[in-house]
Amino acid sequence: MGRTHALSGWCAGLGVAYAVDVRSLHQSVLLAATTAGFALLPDLDHSGASASRLLGPVTALLCRILRALSAAVYALTKGPRDEKVKGKHRHLTHTLLFAIGLWYATNAATDKWGPTAVGVVVLSGLLLAEAVLGDWVLFVAGAGVIAWLGTAGNHVADLQVVSGWLGLAVAAGCVTHCIGDALTKSGCPFLFPVPIAGETWYEIRPPKALRFTTGTWVENGLIAPLLIIGGVLLLPGVWTTYVEPLTAAFD
C-alpha cells in the first residue's frame, strides 16, 4: 500500500543520507522526504494510485502515457514463458532500469537548471509523500527548511550538497518500491531485461512462506510499525542522543 511504500522510502532516504555522509538534520529530512515521495512513483502506471491522482489531469495523462509505453515495451520484449498480460501495470516502471533512468534524468536536470530543478524534484517528492502519509510531512520538511535558513553558514553550498544526491534519492525511492512489491504474492520484474527461466519479465519474489498480501495484518500490524520506528531511529542524532544513553543505563 502507498503508506508502506512511503514509510520504507523515508527509511531508505535516511540511509542514503548516511551513506553519502549527509549528517545535518535538515538535509537528511529533505532527502528522506524526497525518497519517500518517489517510492510511490512506480505506481504512476496505475490509474487509481496516489501518484496518478496527485495533479489531476496532468498526472492522469502521464499515467496513460506510461501505461501505453509499458505495454509496447512488454509486447516487444516478452519471453516465451512470460505471462499473457498487457504489461501496463507493474512492468516498465517497476524495474531497476527505470530507477537508473530517473537517477540520470534527475542529475541532468539539476545540473542544467540548478535550484529550479531541485525545487521541482523536492516539492514533487513532498507532495507525493504528503498524499499518503499526511500533512505532517510538509510540516516537518517546512520546519527543517526554516531551521536551516535560520542558522549561520553557506546555504548555497548546503543546497548543492543536497542537489548532488537527489538523483540517488529518487532512484532509491523507486528501488524501495520494487523491493516492497517483490515481497508480495505478485512479485516484481525488477531485473528486466535479464532473461530468467525463459521470462524477460521474471517476477522476483521470496519463498512462498515469506510473501504477504497487501493490506493484511502483516503489512498494517507488523511492517508499517517497524518502518515508523526505524524512520525515527535513523534520524541524525536520535540514536546517539536517546538510544545509546538508555542502553548504557542497563549495562
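All figures in this text were calculated on a predicted structure; none of them were measured in a lab. Heads up: numbering here begins at 1 and tracks the sequence.
Judged purely by distance below 3.5 Å, without hydrogens or angles, the side chains of Glu219 and Thr216 never pair a donor atom with an acceptor atom. In the model, Thr93 has a side-chain atom that pairs as donor or acceptor with a side-chain atom of Asp45 under 3.5 Å. Under the 3.5 Å distance criterion, with hydrogens and angles disregarded, a donor-acceptor pair is assigned to the side chains of Thr77 and Trp201.
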request  = Using the side chain to side chain contact (heavy atoms under 4.5 Å, CB included) rule, take Leu31 and Leu166 through it: C-alpha gap first, then chi angles, then the decisive distance, then the call.
outcome  = CA-CA 7 Å; Leu31 284 176; Leu166 271 186; 4.2 Å; yes

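The NZ atom of Lys88 sits 12.0 Å away from the NE2 atom of His46 when rounded to the nearest 0.5 Å. Distance check, rounded to the nearest 0.5 Å: CG of Leu128 to CG of Leu133 gives 10.5 Å. Atom CG in Leu183 sits 8.5 Å away from atom CG in Leu210 (nearest 0.5 Å).
Considering every non-hydrogen atom in both Leu222 and Pro225, the closest pair reads O-CD, 3.4 Å. Here the closest non-hydrogen pair linking Tyr74 and Val85 is CE2-O, 3.1 Å.
Taking the charged nitrogens against the carboxylate oxygens, Asp181 and Arg90 do have a contact shorter than 4.0 Å, which makes a salt bridge.
Among Thr116, Leu126, Thr106, the one residue that satisfies the side chain to side chain contact (heavy atoms under 4.5 Å, CB included) test with Val121 is Thr106.
In terms of hydrophobic clustering, with Ile, Leu, Val, Met, Phe, Trp and Tyr side chains grouped at heavy-atom distances under 4.5 Å, Leu44 and Leu96 are assigned to different clusters.
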